[in-house]
Amino acid sequence: MRSKVFSALYHNRGEFVSGEALSEKLNISRAAVSKHIAALKADGAVIESVSHKGHCMTALPDRMKDCYVLPLLKNKNRISDFIWVDTTDSTNIALKKIGEQKDEITVLTCEDQPGGIGRRGRSWASSRHNGIYVSFLVKPDIPPSDAFQITCLAAVAQVKAIEETTGLRAKIKWPNDIVSHQKKLSGTLTEMSSDFDGIRFIVCGIGINVNQGSSFFTGEIASKATSLKIETGRSIERLELFAAFIDAFIGYYDQFKLTGADAFMDVYRSGSAVVGQEVNITSGNQILSGMVIDIDKSGALLLDTGKETQRVLAGEVSLRGKDGYV
């Protein structure tokens with residue numbers, strides 16, 4: 001029922017809706033309406049309540065709960081399960097534990113993940129109620145060698161959602177980061193469970209820096225990371241961004257199942273921060289240097305080393321800038 005109260009206020013955002021009208025429309029008591037309004041406010045919604053006028057919502061709840069997210073989705077019928085928890089060590093770890101029992105598309109999100117992990121086992125610093133921390137479980141019929149394409153899919157979905165909701169044109173730093181002004185806005189960690197018969201499931205985890213202020217990024221991380229709030233100069237409605245991201249992810253995923261990576265690789269290339277750039281690529285103990293001339297249809301980098309063109313499937317890219325590599 002809270003979802004219906006939220007939807008009624010959301011679709012009349014900026015206007016007063018009387019408690020009586022809500023009561024009649026939803027067939028609940030005025031006391032129940034007041035109870036749900038109080039719960040919305042407790043979850044961060046800004047609602048002005050005035051006698052004889054009703055309730056006017058001017059800012060959305062700041063929690064990624066299903067009762068707020070699902071009403072905003074165009075593709076909500078494609079979600080088999082939406083799980084919200086206040087805190088978990090890692091959304092990827094939590095979803096992998098139940099992956100065998102879940103159907104696609106399962107979404108697990110939280111407000112804080114103190115044990116968040118990035119690529120190569122690195123930690124991911126989260127900020128409670130300021131970021132988006134989510135993992136998707138999918139079960140595509142693809143060979144394990146193509147699982148990396150889900151990372152590419154998540155990247156284009158993020159760029160699309162960020163531009164739609166904030167106007168910011170972020171870039172994709174191969175293989176898994178979204179950047180603005182050469183600073184990291186988000187990271188993606190894609191993991192799979194497979195056997196000799198193929199992929200059982202894939203879990204794709206994403207952490208997006210949304211409303212962190214500059215004081216959150218201290219020490220070495222200050223020169224490497226940023227947030228949408230810092231980049232745009234204003235606070236962002238996490239709920240609208242999250243809903244736009246989920247819709248974009250599902251939209252691209254459904255196309256992917258029909259046509260493969262062709263569904264989004266042109267978008268991935270056009271949004272690349274590395275094509276046409278001099279880079280270092282670190283893979284294990286090896287460092288490759290050269291110019292990125294393209295990204296092929298599988299998501300691999302094509303690197304001109306000056307001697308040959310190499311196809312690079314894995315590694316960590318550093319862009320060559322004025323002050324070294326970033």
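- Residues F242 and T109 form a side-chain contact, since some pair of their non-hydrogen atoms from C-beta on lies under 4.5 Å apart.
- A parallel orientation is assigned to the rings of F249 and Y253, their planes being inclined by less than 30° (bins at 30° and 60°).
- Side-chain atoms of L95 and F136, non-hydrogen and from C-beta on, never get closer than 4.5 Å to each other.
- In summary, E111 and R238 engage in a salt bridge, as defined by a charged side-chain N under 4.0 Å from a carboxylate O.
- Between D81 and V107, the closest side-chain pair of non-hydrogen atoms is not below 4.5 Å.
- Atoms CE and CG, from M265 and L153 in turn, are 10.5 Å apart once rounded to the nearest 0.5 Å.
- When side chains are defined from C-beta on, I47 does not count as touching T58, because their heavy atoms never get closer than 4.5 Å.
- The cationic group of K65 does not satisfy the cation-pi geometry with F82, failing either the under 6.0 Å distance to the six-membered ring centre or the 45° limit from the ring axis.
- Between the side chains of R234 and T166, not a single donor N or O lies within less than 3.5 Å of an accepting N or O.
- Using a cut-off of 4.0 Å between Lys/Arg side-chain N and Asp/Glu carboxylate O, K74 and D247 are scored as not salt-bridged.
- In summary, the side chains of T190 and T151 do present a donor paired with an acceptor at a separation below 3.5 Å, with no hydrogens or angles considered.
- Closest approach of N92 and L189 over heavy atoms only: ND2-O, 3.2 Å.
- In summary, the side chains of E231 and T226 do present a donor paired with an acceptor at a separation below 3.5 Å, with no hydrogens or angles considered.
- Salt bridge E104/K257: present, at least one basic N to carboxylate O contact under 4.0 Å.
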Does the side-chain contact (heavy atoms from CB on, under 4.5 Å) test come out yes or no for F6 and L60, once each step is laid out?
-> CA-CA 9 Å; F6 165 71; L60 305 185; 4.2 Å; yes
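- With respect to the salt-bridge test (charged N to carboxylate O, under 4.0 angstrom), the residues E240 and R13 qualify.
- Side chains of S186 and Q158: a donor on one and an acceptor on the other come within 3.5 Å.
- Annotation: cation-pi pair K53/F16 present, NZ/CZ under 6.0 Å from the ring centroid and within 45° of its normal.
- Evaluated for a side chain to side chain donor-acceptor pair (under 3.5 Å) with S193, the options K96, R200, K139 yield exactly one hit, R200.
- Listed for the D296 side chain is a donor-acceptor partner under 3.5 Å among the backbone atoms of A300.
- In summary, R169 and E163 engage in a salt bridge, as defined by a charged side-chain N under 4.0 Å from a carboxylate O.
- Counting heavy atoms from C-beta on, the side chains of L288 and N280 never come closer than 4.5 Å.
- S223 and K183 are not linked by any side-chain donor-acceptor pair at a separation below 3.5 angstrom, with hydrogens and angles left out of the test.
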